[in-house]
**Q** 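This structure is in structure tokens; I'll ask about it shortly.
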Amino acid sequence: MFSLSESASGSLSFRDRSSVSPHFRPGPRPPARGAPQGAGDYMAGLNPEQRLAVETTEGPVLVLAGAGTGKTRVLTTRLAHILATGKARPWELLVVTFTNKAAREMRERITHLIGPSAEGLRWLGTFHSVAAQILRRHAELVGLKSSFTILDMDDQERVLKQLLEAANIDTKRWTPRSLSGMIDHWKNRGWTPDTLPAGEDFANGKGKGLYAAYQARLVSLNACDFGDLLLHNLTILGKNPALAEDYRRRFKYILVDEYQDTNVAQYLWLRLLSSSTGNVCCVGDDDQSIYGWRGAEVDNILRFERDFPGAKVIRLERNYRSTSHILGAASGLIEANKGRLGKTLWTEADGGEKVRVQGVWDGEAESRLIADEIETQRRAGRKYSDIAILVRASFQMRAFEERFVLLAIPYTVVGGPRFFERAEIRDAHAYLRLIQSEDDDLAFERIVNTPKRGIGDTSVQKILAIARQHNLSALTAVRGLINTDELQARTRTALSNFVRDLDRWRAMAGTVTHGELTETILEESGYTDMQRADRASGQTRLDNLKELTQSMQAFDSLQAYLEHVSLVMDLDRGAGEDAVQIMTLHAAKGLEFPLVFLPGWEEGVFPSQRSIDEKGEKGLEEERRLAYVGVTRAREDARISFAANRLVYGRWTSQLPSRFVDELPIDHVQAESDTGYYGAGPGLKEAKSRWDDTPVFGAGYSSPGWKRAQSFTASTTPRDRMARNAVIEGKGRLIATGDPKASSNWARGERVFHQKFGYGAIRAIEGNKLVVDFEKAGEKKVIDTFVEKT
DNA sequence: CGTAACCTGGTTTTT
DNA sequence: CCAGGTTACG
């Protein structure tokens, strides 16, 4: 499945030959793709701005590429152009992306344009994989061996937990996870323990010390984490100007994809590898910056012209993906953001369907609505794989999955737990790592008693304590402990068997393939037996392990394989089948679908409460960009929905429609509501409210939800009527009727009835929200339009 | 040393 | 509500 090629210098490049569904291939449509090769031909079909972006090779360039404007095409053509005109040779180009998927796609497309010489693009990869390549060459400058291992988050947290415990810090109050987040954040900003600014801290003054201790521990494990790959680069290049100069001369042209998602460390790294007048081309879209929460600085792209004086800015604004209504809705939405460079997307694809906005009673009704619509579309000839459901958070996925299983609609969840994060895969890797490196204490801990060998926690702790005392690795310590009286006889026997097995496997390593070796280890260690005994999920895990041993065969060294796994490997699962795609909005970036459903546009869900609480206006703007990304994924049809009630963590909560719904320009939107929270105003004739004629939900449906909706429909309180007549105001935007400032006609202590919660008394009034003490359901916050006076 | 009750926290996620 | 982790017991 994976092919590996070794370039002259010994560096490795990987390509995944597995086929990928065509819908995962973004790219401009009208100009024919795959133009015939030959000098100049690669330019055919580019529009003037795209052509300019390709031909402006000298000096700093910022390409602002809006959604669906053919960004990848421009990037690859630009590279082809530089190579075809002989301005540089493949190994003189530095090309960085964020994801492996993007890197892989770029390599494929360049290969398509220029042929096999694309193999020479040694410095094309993710920030992290390129940084890892550089770090392996100079590892000794930061105290590592060039064979260092790269820890994932799990390992990282394990180390941190030990450090926290050693420092007698309450790991409940100060969790390893939050410390790991903190350290990550520091590394993202380019701060080492020495340069950590005052004020940055963890656990009341222990932050700096813990950070330093963690770094020291990593060195002793001959390991580094993801953040270190870049941070160590900064240290090495910063302290060795001659070396940095060397790299600057080497990289004649630098190309950066998704520049809006770079963090400070990545920015500094780029600055070290380029001069301010250098040939640096950054491509991005400030409106699609959605990774601020993990350190991305939109500022980097907003500041580009100041950072690189004389930089040329080229805007790609012609959209080849979506209809004008979709584009209009998305553009209107994003206009509400302040900090942006500004772009106006346009298309020649006029008309199409307006973006449909639908309000429903609850989450269940929402999934029912969407599932029904999918079936309708299916009958009309649309493929399942043309349809995507994009959610803000993964908890929203379950409702759809349940519904789809019920109706036998095929679906795939994109993202989710990753193959290499599964316990069984990590266990197998731990065995391999321990064979590879005696120092890998983390691997030792992981598998010393998996499967059970009678080496319990107390024994392991004792071993680790002794190892630390003598400054030895755990495994080395064990070799000694086998022959002393410090451990119980039974434990010693178990340990000595374990060590003997390890040594035998290590001896085998040279004589058999990695796949065979892994199979032998898993069999002889009893690991497979352990899984076979597990009726519940043992078979799945064994299947996963089978897949693992197979994909390993393609690598010619264990070291190469392990590097690939920790840095590069990701599997395209579920691609190719005809199935509805369910994924988060984040996972959808860069993809496109004919029909896109965007459920859960409710305050608190989207925008998510936390992003607003934690980051205020900045967080809100990022959420809005996320909404923009969501809408612009759609080619023909975008459907937004929101529910009035939702089950969150097992509790019913009343929901307000998202402010983003209000922000959609009315000209491009068709709105409907089942609950009356939004309705058809005078100007929205075509969006006939279902209130007046047909029952809210289709006939034949009979769940409690239906009854609730029915009785709710029948209620005629004044506020209900008001709510139904949602109005269009001001500059042609939908305005929610739930006006927080409307004078309340409720009184504290008043008895009310709620369709879902029953009878209760009003405790407090907050704008249009009431805190009600319900007799059965307890205290709840509800929207006033959903209760009646009794 | 292993299992069962209990508790707690709970976006987004790549490398 | 529910998964994962910790504590309390046998």
Side-chain angles (χ1 to χ4, degrees), chain A residues 96-103 125-132 135 150-157 161 170-173 175-178 180-181 184 187-188 224-231 258 261-263 265-266 289-296 363 390-399 414-418 420-421 423 449 452-461 488 490-491 494 563-570 583-590 600 604-615 619 622-623 625-627 629-630 646-653:
Chain A
V96 278
T97 64
F98 271 83
T99 63
N100 292 306
K101 199 163 140 195
T126 62
F127 274 97
H128 293 270
S129 67
V130 173
L135 184 55
I150 300 163
L151 301 188
D152 61 22
M153 269 169 36
D154 212 75
D155 292 326
Q156 200 182 338
E157 278 175 33
K161 188 167 181 213
D170 178 11
T171 52
K172 285 228 176 92
R173 173 83 188 76
T175 62
R177 172 172 295 242
S178 57
S180 139
D184 249 14
K187 290 184 176 175
N188 285 160
C224 70
D225 62 25
F226 284 113
D228 281 335
L229 293 174
L230 282 150
L231 195 63
E258 307 276 19
D261 286 333
T262 47
N263 60 38
Q266 285 158 338
S289 167
I290 55 175
Y291 285 108
W293 50 274
R294 88 180 184 213
L390 310 183
V391 296
R392 173 66 245 264
S394 36
F395 74 81
Q396 294 172 261
M397 291 178 179
R398 193 160 59 191
V414 178
R418 313 186 74 224
F420 293 98
E421 280 160 15
N449 201 30
K452 306 249 185 306
R453 300 189 171 84
I455 304 165
D457 210 34
T458 33
S459 307
V460 173
Q461 288 313 316
Q488 289 194 337
R490 227 178 24 191
T491 315
E563 167 104 1
H564 188 62
V565 165
S566 48
L567 219 48
V568 186
M569 197 93 116
D570 56 353
M583 65 187 93
T584 63
L585 287 157
H586 284 92
K589 197 165 95 163
V605 175
F606 189 34
S608 90
Q609 198 53 52
R610 240 170 107 168
S611 62
I612 296 175
D613 289 350
E614 284 172 11
K615 296 257 195 103
E622 182 154 318
E623 294 284 302
R625 290 193 291 268
L626 205 46
V629 167
R646 196 172 283 280
L647 201 52
V648 184
Y649 301 141
R651 300 246 156 254
W652 280 103
T653 331

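Lettering of chains follows the sequences in order, A, B, ..., and the numbering in each one begins at 1. Here the structure is a predicted model, which means the values were calculated and not measured.
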**Q** Return whichever of Arg490(A) or Ala587(A) has its heavy-atom-nearest nucleotide of DNA chain B closer to the 5' end.
**A**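 Final value for this comparison: Arg490(A).
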**Q** For a quick check of understanding: with a heavy-atom distance under 4.0 Å over all strands, which category does Lys161(A) fall into, base, sugar-phosphate or nothing?
**A**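 Sugar-phosphate contact only.
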**Q** To the nearest angstrom, how far is Arg177(A) atom CZ from dG10(B) atom P?
**A**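 Answer to the nearest Å: 8 Å.
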**Q** How are the rings of Tyr291(A) and His586(A) set relative to one another: parallel (under 30°), tilted (30 to 60°) or perpendicular (over 60°)?
**A**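 It falls in the tilted class, 30° to 60°.
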**Q** Taking CG from Leu229(A) and C1' from dT14(B), how many angstroms apart are they, rounded to a whole number?
**A**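 Atom CG in Leu229(A) sits about 12 Å away from atom C1' in dT14(B).
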**Q** CD of Gln396(A) versus P of dT11(B): gap in Å, rounded?
**A**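 Taking CD of Gln396(A) and P of dT11(B), I get 12 Å after rounding.
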**Q** Which nucleotide sits closest to the side chain of Asn449(A): dT15(B), dG2(B), dT13(B)?
**A**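 Among the listed nucleotides, the one closest to the side chain of Asn449(A) is dG2(B).
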**Q** Considering all heavy atoms of both residues, which atom of Glu157(A) and which atom of Pro176(A) are nearest to each other, and what is their separation?
**A**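 For Glu157(A) versus Pro176(A), the nearest heavy atoms are O-CB, 3.7 Å.
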**Q** Taking N and O atoms by type only, does the side chain of Arg392(A) place a donor or acceptor under 3.5 Å from a partner on the base of dT12(B)?
**A**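 Donor-acceptor pair under 3.5 Å: yes.
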**Q** Assign Thr126(A) to base, sugar-phosphate, or nothing according to its heavy-atom contacts below 4.0 angstrom with the strands shown.
**A**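 Here Thr126(A) touches the backbone only, sparing every base.
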**Q** How close do Thr584(A) and Ser394(A) get, heavy atom to heavy atom, and via which atoms?
**A**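 Thr584(A) and Ser394(A) have their closest heavy atoms at CG2-N, 4.5 Å.
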**Q** Of all the nucleotides listed (dT7(C), dT11(B), dT13(B)), which has the minimum atom distance to the side chain of Ser608(A)?
**A**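 Nearest to the side-chain atoms of Ser608(A), counting from C-beta on, is dT11(B).
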**Q** Looking at Asn100(A), I'd like to know whether one of its side-chain N or O atoms comes within less than 4.0 Å of OP1 or OP2 on dT14(B).
**A**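 Result: no.
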**Q** Using a heavy-atom cut-off of 4.0 Å across all strands, would you classify Arg398(A) as base, sugar-phosphate, or nothing?
**A**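 The answer is sugar-phosphate, as Arg398(A) gets under 4.0 Å only of primed atoms, P, OP1 or OP2.
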**Q** By nearest atom, which of the nucleotides dT14(B), dT7(C), dT11(B) is closest to the Arg610(A) side chain?
**A**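 Per side-chain heavy atoms of Arg610(A), the pick is dT11(B).
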**Q** Any strand counts, and the cut-off is 3.5 Å on both contacts for Watson-Crick or G-U wobble. Which nucleotide pairs with dA4(B)?
**A**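 dT7(C) - that is the nucleotide pairing with dA4(B), both distances being under 3.5 Å.
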**Q** For Ile455(A), answer base if it contacts any base atom (sugar-phosphate contacts may also be present), sugar-phosphate if it contacts only those atoms, and nothing otherwise; contact means non-hydrogen atoms under 4.0 Å.
**A**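 Touches sugar-phosphate only.
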**Q** Arg294(A) has a side chain; which of dG2(B), dT14(B), dT6(C) sits nearest to it?
**A**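 Per side-chain heavy atoms of Arg294(A), the pick is dT14(B).
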**Q** Would you mind telling me which of dT11(B), dG2(B), dT15(B) lies closest to the side-chain atoms of Thr99(A)?
**A**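 Nearest to the side chain of Thr99(A) among the choices is dT15(B).
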**Q** Between dT14(B), dT7(C), dT11(B), which nucleotide has the shortest distance from any of its atoms to the side chain of Lys172(A)?
**A**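 Ranking dT14(B), dT7(C), dT11(B) by closest atom to the Lys172(A) side chain puts dT7(C) first.
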**Q** Rounding to an integer number of Å, can you tell me how far Arg173(A) CZ sits from dG5(C) P?
**A**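 From Arg173(A) CZ to dG5(C) P: 21 Å.
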**Q** Could you state the atom-to-atom distance from CG of Asn263(A) to P of dT15(B) in whole Å?
**A**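 Taking atom P of dT15(B) as the reference, CG of Asn263(A) is at 14 Å.
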**Q** Rounding to a whole Å, what distance do you find between Glu157(A):CD and dT13(B):C1'?
**A**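 After rounding, the reported distance stands at 13 Å.
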**Q** Would you say whether Trp293(A) stacks on dT12(B)? The test is a distance between ring centres of less than 5.5 Å and an angle between planes of less than 30°.
**A**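 Here the ring of Trp293(A) and the base of dT12(B) are stacked, with centres under 5.5 Å and planes under 30°.
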**Q** Please find the pair of heavy atoms, one from Gly630(A) and one from Leu390(A), that lie closest to each other, and give the distance.
**A**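 Taking every non-hydrogen atom into account, O-CD1, 4.1 Å.
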**Q** Roughly how far, to the nearest 0.5 Å, is OG of Ser178(A) from CZ of Arg173(A)?
**A**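 Spacing of CZ (Arg173(A)) from OG (Ser178(A)) equals 8.5 Å.
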**Q** The side chain of Lys452(A) lies closest to which of these nucleotides: dT11(B), dT13(B), dG2(B)?
**A**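 Nearest to the side chain of Lys452(A) among the choices is dG2(B).
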**Q** Counting side-chain heavy atoms from C-beta on, which of dT14(B), dT11(B), dT12(B) comes nearest to Glu623(A)?
**A**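 Per side-chain heavy atoms of Glu623(A), the pick is dT11(B).
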**Q** Can you tell me the distance, in whole Å, between the CD1 atom of Ile290(A) and the C1' atom of dT12(B)?
**A**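 Value for this atom pair: 8 Å.
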**Q** Starting at CG of Leu626(A) and ending at C1' of dT11(B), how long is that distance when rounded to a whole Å?
**A**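 So the two atoms are 10 Å apart, to the nearest Å.
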**Q** For Gly125(A) versus Ala103(A), what's the shortest heavy-atom pair and its separation?
**A**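 So the minimum-distance heavy-atom pair works out to CA-CB, 4.1 Å.
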**Q** If we call it a pair only when both distances are under 3.5 Å in a Watson-Crick or G-U wobble match, what pairs with dT12(B)?
**A**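 Looking at the geometry, dT12(B) pairs with no nucleotide.
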**Q** Find the distance between CD (Glu623(A)) and CZ (Arg610(A)) and round it off to the nearest 0.5 Å.
**A**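 Spacing of CD (Glu623(A)) from CZ (Arg610(A)) equals 11.5 Å.
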**Q** Would you mind classifying the nucleic acid contact of Ser394(A) as base, sugar-phosphate or nothing, using non-hydrogen atoms under 4.0 angstrom?
**A**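 Contact class for Ser394(A): sugar-phosphate only.
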